[in-house]
Amino acid sequence: MSNGREDSTYERIYAAVCQIPVGCVATYGQIAGLAEASGPRQVGYALHALLPGSDVPWHRVINAQGRVSPRSESDHDNVQRMLLEAEGVEFDSRGRISLQRFRWQE
DNA sequence: AACATGACCATTA
DNA sequence: GTAATGGCCATGT
């Protein structure tokens with residue numbers, strides 16, 4: 001455990017993900033830049049560690065290919081697509097998102 | 001301390 | 001357009 005205030009890299013990543021507006025998506029590399037993370041790998045790692053009981057919209061984070069990243073369990077990726085569709089994000093016939101239209105641009 | 005793993009990205013074929 | 005390789009760094013054993 002740690003003290004009440006966490007200055008970990010994860011905290012910055014969570015904050016960046018929370019900043020993503022509804023109906024938009026962001027890539028791991030983009031989050032890494034906003035969160036000042038050392039690399040996109042740590043973003044994915046942070047999200048994997050945050051899964052249970054988090055108010056962070058992790059489903060709005062996708063990879064640079066505009067696709068949902070395949071994680072250990074195949075169930076979760078299906079959920080992510082459903083959540084995005086519920087927020088207004090449209091998927092391609094192959095389950096791909098048009099970054100040109102839905103990518104979060106500050 | 002070292003090794004192996006991981007929800008990635010960019011380049012190359 | 002897809003598939004494969006190397007490099008990035010933090011985490012757990």
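Heavy-atom basis, side chains included; hydrogens, waters and symmetry copies ignored. Here is how names work: the chains are called A, B, and so on, in the same order as the sequence lines, proteins then strands, and each is numbered from 1.
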Side chain Arg12(A), main chain Glu36(A), donor-acceptor under 3.5 Å: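 No; zero donor-acceptor contacts below 3.5 Å.
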Touch class at under 4.0 angstrom, heavy-atom based, for Leu51(A) against every strand present: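 Since a base atom lies under 4.0 Å of Leu51(A), the category is base.
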Trace of the side chain to side chain contact (heavy atoms under 4.5 Å, CB included) decision for Leu99(A) with Ile62(A): CA-CA 10 Å; Leu99(A) 291 174; Ile62(A) 59 177; 3.7 Å; yes
Nucleotide nearest [X] (side chain, heavy atoms from C-beta), chosen from [options]:
X        : options                 : value
Arg71(A) : dA10(C), dT2(C), dA7(B) : dA7(B)
Thr27(A) : dC9(B), dA7(B), dG1(C)  : dC9(B)
Tyr10(A) : dT11(C), dC9(C), dA7(B) : dT11(C)

Could you tell me the separation between the [atom1] atom of [X] and the [atom2] atom of [N], rounded to a whole number of Å?
X        : N       : atom1 : atom2 : value
Leu47(A) : dA10(C) : CG    : P     : 17 Å
Arg41(A) : dA7(B)  : CZ    : P     : 8 Å
Asn63(A) : dA3(C)  : CG    : P     : 13 Å
Glu36(A) : dC9(C)  : CD    : P     : 16 Å
Gln30(A) : dC9(B)  : CD    : P     : 11 Å
Trp58(A) : dC8(B)  : CH2   : P     : 13 Å
Glu73(A) : dG6(B)  : CD    : C1'   : 15 Å
Leu99(A) : dA10(B) : CG    : P     : 11 Å

Flag if over 12 foreign heavy atoms under 6.0 Å of CG, Asp55(A):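 Atom CG in Asp55(A) is not packed in, count stays at 12 or less.
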Is the distance from OP1 or OP2 of [N] to the nearest side-chain N or O of [X] less than 4.0 Å?
X        : N       : result
Ser38(A) : dA10(C) : yes
Ser69(A) : dC8(B)  : yes
Arg96(A) : dT2(C)  : yes
Arg94(A) : dG1(C)  : no

N/O donor-acceptor pair, side chain Tyr45(A) with base dA7(B), under 3.5 angstrom: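 When only heavy-atom distances are counted, Tyr45(A) does not reach the base of dA7(B) through any donor-acceptor pair under 3.5 Å.
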Cluster check Ile20(A), Trp58(A): I/L/V/M/F/W/Y, side chain < 4.5 angstrom: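 Ile20(A) clusters together with Trp58(A).
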Among Glu87(A), Arg81(A), Gln80(A), the one residue meeting side chain to side chain donor-acceptor pair (under 3.5 Å) with His59(A):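 Per the side chain to side chain donor-acceptor pair (under 3.5 Å) rule, the option paired with His59(A) is Glu87(A), out of Glu87(A), Arg81(A), Gln80(A).
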